[in-house]
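Model, not experiment: these values are computed from the prediction.
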Amino acid sequence: MELKLCIKENIILKPFKQFKRQTIELSGLDRISPSILYTVFFYNSQLINESFMQDEDPVERAKTALQKVLIPWYPAAGRFRINEASGKLEIDCNNEGVILITAVTDSKLEELGRLHEYKSCYENLVPKCPEATDISENPIAVVQITKFACGGFSIGFGSSHALFDGLGAFNFLASWAQISNGKDESELMVPNHSRDALLSAIYSPNSSPTAASIYEQGHITAIQDLYGIPMQAMASDDRCWGTAVAKFSQVDPQVGLELVTLGMKKETVETWKGQAIEKGKLPKCSTFDVLCAHVWKARVKTLSLQANTNICLQFPVDARSRLRPPLGDNFTGNAFVLASVSCSVKQLLEEPLHDTIRKIQAAKDEITDEYIKLYARALEASDKFFPSMRELTIVSDWSRFPFHALDFGWGKVSNAAILATPVPETAFLMLNLEEPGGFLVRIGIGRQYVHDLITNFNNLSNM
């Protein structure tokens, strides 16, 4: 459907108080993906706190709270730049501010159908930065607040993945919401933006020297597994890499890629977890283990790859508590490293689900302090590559983020949708906010494969 907006305000919003200007040196974990990731959160008018709405303009209250949260979360108001000496991306914390758009529409939320299902009109609900010749010209965090004719709201948020990882971005949103909701600012989490502890761990005296090329990292599973599949993009440094990654940031209708949202009931997941433990004699089995294995099988079967084709599954694992010393939950930079499983198409499709789950669990167990440091050090190499997304499946777990708790004072989130991402084929696991206990999988796939993917995903006889 078409979603027409009336823009009320389009400004650069700066923090209430200027923070001392400084530079944040980024790690290789940050610099691998500088593109902006967008999410839209919907607030149904039926869930909105009416007394809150009458007391104060909710948009102005959220706007004021955003200015306040940018004080402790000052990197979000900064800009990227390339360090001329090292050629690496870094954050100039210069208090330049974030983009804020406020808008209204004559459309109603109910006209959008299932809110968690991606629609191209959702792209109108987030600010998009213009193309810039200089990376330092554009903000690295953007916000749009849209009021619908039914009385509901949406908040569109985007931030560069080099600024925050998923947990960092969620904690930023949670702090903003808590301030808007009237929580005492002294009770908020104190964020840690410095990458110094991570970089020090990577470059400790006992660490091996950084290899000149990422292709020399054969001892790291997540990199070694990619050798067996074709490459889609390569770059020699951060300047070239930003351009290469940007090519994946939009869903091109000519290519025919479609963003599909699939649902799974809690009862089904719990049944599969129990069967995996019983049949596979596994000591435990998580919701992620089950859904990750099922998504990989369903996607590979759908793509009809040759039986002897090498394929790979990779998924981010939070290294905050696994690194020594630990980074802490308040660390806002990228602390996720990729775990990896590889095999042939034939092996994956013929083995029972519990065997695939066992491999996923083993891959997670491999993410030790030593592995994290080796992996992060490998990404400090100047060259980078990106593999073909037919053979590679990436699954990212967003079900750990309680988006429903992002209450800005007007009520809980009724639904959320991820927009087009830098790697649209990535599968995102999310909570189904409309169906308590249920789960959603958002994944991009060629339009010609959509029917088969839905059929294979809904085939519940994979055990």
- All side-chain hydrogen bond (donor to acceptor under 3.5 Å, both in side chains) counterparts of Thr426, not counting sequence neighbours: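 With neighbours one apart ignored, the set is empty.
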- Qualifying residues under side-chain hydrogen bond (donor to acceptor under 3.5 Å, both in side chains), relative to Lys63, sequence neighbours excluded: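 Residues passing side-chain hydrogen bond (donor to acceptor under 3.5 Å, both in side chains) with Lys63: Glu9.
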So, for [X] and [Y], which heavy atoms are closest and what is the spacing to 0.1 Å?
X	Y	answer
Ala339	Ala363	CB-O, 3.7 Å
Leu440	Gly263	CD2-CA, 4.2 Å
Cys129	Val142	SG-CG1, 4.0 Å
Gly444	Leu259	CA-CD2, 3.8 Å
Arg31	Glu380	NH1-OE1, 3.3 Å
Ala201	Leu323	CB-CD2, 4.4 Å

[X] versus [Y]: any side-chain heavy-atom pair under 4.5 Å?
X	Y	answer
Thr64	Phe16	yes
Glu391	Thr309	yes
Lys88	Leu26	no
Ser399	Thr287	no
Leu303	Ile445	yes
Phe315	Lys364	yes
Leu453	Leu262	yes
Val269	Lys273	yes

- Task: Give a yes or no on this: more than 12 heavy atoms of other residues, nucleotides or ligands lie within 6.0 Å of atom CD of Gln18.
- Result: yes
- Message: Does Asp365, at its CG atom, have more than 12 non-hydrogen atoms belonging to other residues, nucleotides or ligands within less than 6.0 Å?
- Response: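 Yes, the 6.0 Å shell around CG holds more than 12 heavy atoms from other groups.
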Measuring from [X]:[atom1] to [Y]:[atom2], what's the distance to the nearest 0.5 Å?
X	Y	atom1	atom2	answer
Lys373	Thr368	NZ	OG1	9.5 Å
Asp165	Asp318	CG	CG	6.5 Å
Ile101	Leu13	CD1	CG	12.0 Å
Leu348	Ser342	CG	OG	11.0 Å
Ile360	Asp355	CD1	CG	11.0 Å
Ser340	Leu313	OG	CG	7.0 Å

- Lys266 and Glu435: salt bridge (Lys or Arg N to Asp or Glu O under 4.0 Å), yes or no, with the steps? CA-CA 9 Å; Lys266 176 183 179 181; Glu435 182 184 298; over 6 Å; no
- Task: In sequence, state the C-alpha distance, the side-chain angles, and the governing distance for Leu392 and Glu425, and then conclude on side chain to side chain contact (heavy atoms under 4.5 Å, CB included).
- Result: CA-CA 9 Å; Leu392 173 62; Glu425 296 92 342; over 6 Å; no
- Reference residue Tyr43; test ring pair (Phe, Tyr, Trp, His ring centres under 6.0 Å); the match among Trp410, Phe403, Phe153: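 When ring pair (Phe, Tyr, Trp, His ring centres under 6.0 Å) is applied between Tyr43 and each of Trp410, Phe403, Phe153, only Trp410 qualifies.
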Test your reading of the model: is there a side-chain donor-acceptor pair from [X] to the backbone of [Y], 3.5 Å cut-off?
X	Y	answer
Arg322	Ile367	yes
Arg377	Ile202	yes
Arg320	Phe331	yes
Lys119	Glu117	yes
Asp369	Arg324	yes
Ser414	Asn44	yes
Gln144	Asn124	yes
Ser175	Asn171	yes
Asp407	Gly411	yes
Arg195	Glu25	no

- Query: Can you check side chain to side chain contact (heavy atoms under 4.5 Å, CB included) on Trp176 and Ile155, steps first, answer last?
  - Reply: CA-CA 12 Å; Trp176 175 25; Ile155 289 185; 4.1 Å; yes
- Go through the side-chain N and O atoms of Asp30 and Asn334 and say whether any donor and acceptor fall under 3.5 Å apart.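 Result is yes, a qualifying pair exists.
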- Message: Using the rule given for side chain to side chain contact (heavy atoms under 4.5 Å, CB included), can you reason through Leu29 versus Tyr375, listing the C-alpha separation, both sets of side-chain angles and the distance that settles it, and then say yes or no?
- Response: CA-CA 9 Å; Leu29 297 175; Tyr375 182 89; 3.6 Å; yes
- Carboxylate-amine/guanidinium contact Lys284 Asp289, below 4.0 Å: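 Judged by the 4.0 Å cut-off on N to carboxylate O distance, Lys284 and Asp289 do not form a salt bridge.
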- Message: Between Asn432 and Phe439, does the side chain to side chain contact (heavy atoms under 4.5 Å, CB included) criterion hold? Intermediate values first, please.
- Response: CA-CA 5 Å; Asn432 187 343; Phe439 299 91; 5.8 Å; no
- Tell me whether the centres of the aromatic rings in Tyr122 and Phe42 are closer together than 6.0 Å. yes
- Item | Residues in ring pair (Phe, Tyr, Trp, His ring centres under 6.0 Å) contact with Trp73, at least two apart in sequence or another chain |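 Scan of Trp73 (ring pair (Phe, Tyr, Trp, His ring centres under 6.0 Å), adjacent residues dropped) gives Phe164, Phe172, His193.
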